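Notes follow once the structure below has been shown.
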2 protein chains.
Amino acid sequence: MKLGTKGRYAVMALVDLAYYSKGKPLAVTEIAQRQSLPASYLEQLFATLRHKGLIASTRGHQGGYSLAREAETIRISEILEAIGEPIETTRCSKTSDTGCVGTKGTCLTHALWAGLGQQMHQYLNGISLADVCERRLT
Amino acid sequence: MKLGTKGRYAVMALVDLAYYSKGKPLAVTEIAQRQSLPASYLEQLFATLRHKGLIASTRGHQGGYSLAREAETIRISEILEAIGEPIETTRCSKTSDTGCVGTKGTCLTHALWAGLGQQMHQYLNGISLADVCERRLT
DNA sequence: AGCATTCCTGACTAATTTAGTCAAGTATGA
DNA sequence: TCATACTTGACTAAATTAGTCAGGAATGCT
Ligand code: FES
Ligand code: FES
């Protein structure tokens with residue numbers, strides 16, 4: 001049950017973006033250096049975040065990335081889902097081929113894992129980028 | 001952010017054990033069949049669960065495994081930790097070589113992930129095997 | 001005693017996922 | 001025109017997961 005670098009990096013980068021960008025777009029290399037993340041990897045992540053509409057890009061000289069919306073309105077749960085790091089506590093939902101669906105609909109532990117997933121989602125959905133920036137965390 | 005089979009299988013098996021064992025020990029193959037889990041894999045898992053003191057074994061004919069303690073006193077969080085599926089939302093804690101510890105102690109998102117981890121642990125710590133058996137889940 | 005049953009252990013492996021790198025191209029402003 | 005910076009896709013090394021397999025050891029039943 002671990003969080004991968006993809007999700008962590010994405011959130012770190014967006015927090016950095018929200019924190020240091022003053023209206024102007026920031027270059028990937030700048031963010032990568034400041035957060036000590038691999039720049040080429042971050043470029044990949046930013047590409048998908050852009051496709052998902054969380055950030056906007058400006059090309060050419062003085063270009064870079066900026067948040068597509070206000071930091072207050074971007075929730076952590078959104079970022080993780082956009083980057084492809086979803087909360088998967090159950091294994092039965094989608095395909096059902098690898099799923100643990102028994103004869104009686106769901107396995108004995110389904111409700112447990114579903115509850116855990118809901119708990120996590122609730123937490124991450126209640127926190128915005130701005131909250132992290134200003135350290136408003138419980 | 002996904003739960004591996006190791007953790008899920010361990011909990012499923014212990015729930016089965018708590019649910020179907022009436023004082024008598026149950027064989028691994030029986031549990032594996034009922035929950036449709038790979039038996040040889042489950043044997044491995046049960047070995048480590050025994051070493052951690054969560055279950056007890058009886059060898060020979062009519063042997064099998066039984067809970068070492070009352071189902072009411074075994075928390076899900078214990079099982080996951082025992083089986084080696086810990087909650088790892090941060091990456092800085094232990095070794096610090098792969099950690100994302102920046103110059104100023106902790107990275108910008110540390111508190112966020114720590115909060116998530118605490119949330120998860122709290123949830124799983126508040127639920128016992130007996131709770132799952134009797135479907136007392138929120 | 002002998003035999004079936006069941007736990008017990010360690011080594012080994014195939015497949016998947018993660019965590020990236022790298023190279024080449026495109027757009028932009030100075 | 002040139003340096004800057006985004007954009008894309010292909011490729012890969014390493015780690016982790018999810019098991020299998022073979023053999024051994026204890027126990028109770030007949
Ligand atoms: S987790 Fe949904 S059926 Fe097992
Ligand atoms: S998660 Fe602890 S310092 Fe980044």
Side-chain angles (χ1 to χ4, degrees), chain A residues 1-13 17 21 24-33 35-52 54-68 80 83-86 88 91 95 97-100, chain B residues 1-13 17 21 24-33 35-66 68 80 83-86 88 91 95 97-100:
Chain A
M1 203 72 200
K2 64 179 63 168
L3 178 67
T5 59
K6 215 165 48 170
R8 190 189 332 272
Y9 289 177
V11 175
M12 285 175 77
L17 195 49
S21 165
K24 294 296 163 194
L26 296 184
V28 166
T29 57
E30 184 187 337
I31 299 177
Q33 273 192 12
Q35 302 297 328
S36 44
L37 309 177
S40 52
Y41 192 30
L42 234 199
E43 263 176 5
Q44 244 187 68
L45 301 182
F46 269 29
T48 81
L49 288 177
R50 185 177 68 89
H51 286 130
K52 299 289 181 177
L54 283 180
I55 53 180
S57 66
T58 314
R59 299 174 77 148
H61 216 90
Q62 304 284 353
Y65 287 96
S66 41
L67 294 179
L80 292 180
I83 204 61
E85 184 115 20
E88 284 181 4
R91 269 228 180 154
T95 51
D97 55 346
T98 43
C100 56
Chain B
M1 203 77 201
K2 63 179 61 167
L3 178 67
T5 60
K6 215 165 49 171
R8 190 190 331 273
Y9 290 176
V11 174
M12 285 175 77
L17 195 48
S21 166
K24 294 295 165 195
L26 297 183
V28 166
T29 56
E30 185 186 337
I31 299 177
Q33 273 191 13
Q35 302 296 326
S36 43
L37 309 176
S40 52
Y41 192 30
L42 234 201
E43 263 176 5
Q44 247 187 68
L45 301 183
F46 269 29
T48 81
L49 287 177
R50 185 177 68 88
H51 287 129
K52 298 290 181 174
L54 283 180
I55 55 180
S57 66
T58 314
R59 299 172 76 147
H61 217 90
Q62 306 283 356
Y65 288 96
S66 40
L80 293 179
I83 204 59
E85 183 114 22
E88 284 181 2
R91 271 227 179 154
T95 50
D97 56 345
T98 44
C100 55

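On a predicted model such as this, the values are computed, not experimentally measured, just so you know.
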Notebook entry, point to check: Any idea which heavy atoms bring B:Tyr65 and B:Leu17 closest together, and the distance?
Noted result: O-CD1, 3.3 Å

Note to self: Restricting to non-hydrogen atoms, name the atom on A:Ser21 and the atom on A:Leu26 that form the minimum distance, rounded to 0.1 Å.
What the structure shows: N-CD1, 3.8 Å

Notebook entry, point to check: Below 4.0 angstrom from OP1 or OP2 of D:dG19, is there any side-chain N or O of B:Ser40?
Noted result: no

Item checked: Distance test, side-chain N/O of B:Tyr41 to OP1/OP2 of D:dT17, below 4.0 Å -> no

What contact category does [X] fall into here, base, sugar-phosphate, or nothing, at under 4.0 angstrom with non-hydrogen atoms?
X       : answer
B:Ser57 : sugar-phosphate
A:Thr5  : sugar-phosphate
B:Leu26 : sugar-phosphate
A:Thr29 : nothing

For [X] and [N], give me the distance from atom [atom1] to atom [atom2], rounded to whole Å.
X       : N      : atom1 : atom2 : value
B:Ile55 : C:dC7  : CD1   : C1'   : 11 Å
B:Leu3  : D:dT16 : CG    : P     : 17 Å
B:Met1  : D:dT17 : CE    : P     : 13 Å
B:Met12 : D:dA18 : CE    : P     : 14 Å
B:Gln62 : C:dC7  : CD    : C1'   : 14 Å
B:Lys2  : D:dA18 : NZ    : C1'   : 13 Å
B:Glu88 : D:dT16 : CD    : C1'   : 12 Å
B:Leu42 : D:dC21 : CG    : C1'   : 16 Å

Checklist line | Nearest listed nucleotide, side chain of A:Tyr65, among D:dT20, D:dT7, C:dG20 | finding: D:dT7

Note to self: Run B:Ile83 and B:Tyr9 through side-chain contact (heavy atoms from CB on, under 4.5 Å) and show every step you take.
What the structure shows: CA-CA 10 Å; B:Ile83 204 59; B:Tyr9 290 176; over 6 Å; no

Item checked: 5' precedence on DNA chain D between B:Thr58 and A:Gly60 (nearest-nucleotide basis) -> A:Gly60

Notebook entry, point to check: For residues 43-54 of chain B, which residues have at least one heavy atom under 4.0 Å from DNA chain D?
Noted result: B:Gln44

Rounded at 0.5 Å granularity, tell me how far [atom1] in [X] sits from [atom2] in [Y].
X       : Y       : atom1 : atom2 : answer
B:Glu88 : B:Met1  : CD    : CE    : 9.5 Å
A:Ile55 : A:Arg50 : CD1   : CZ    : 8.0 Å
A:Ile31 : A:Met12 : CD1   : CE    : 11.5 Å
B:Glu43 : B:Thr48 : CD    : OG1   : 12.5 Å

Checklist line | A:His61 vs B:Arg59, nearer the 5' end of DNA chain C by closest nucleotide | finding: B:Arg59

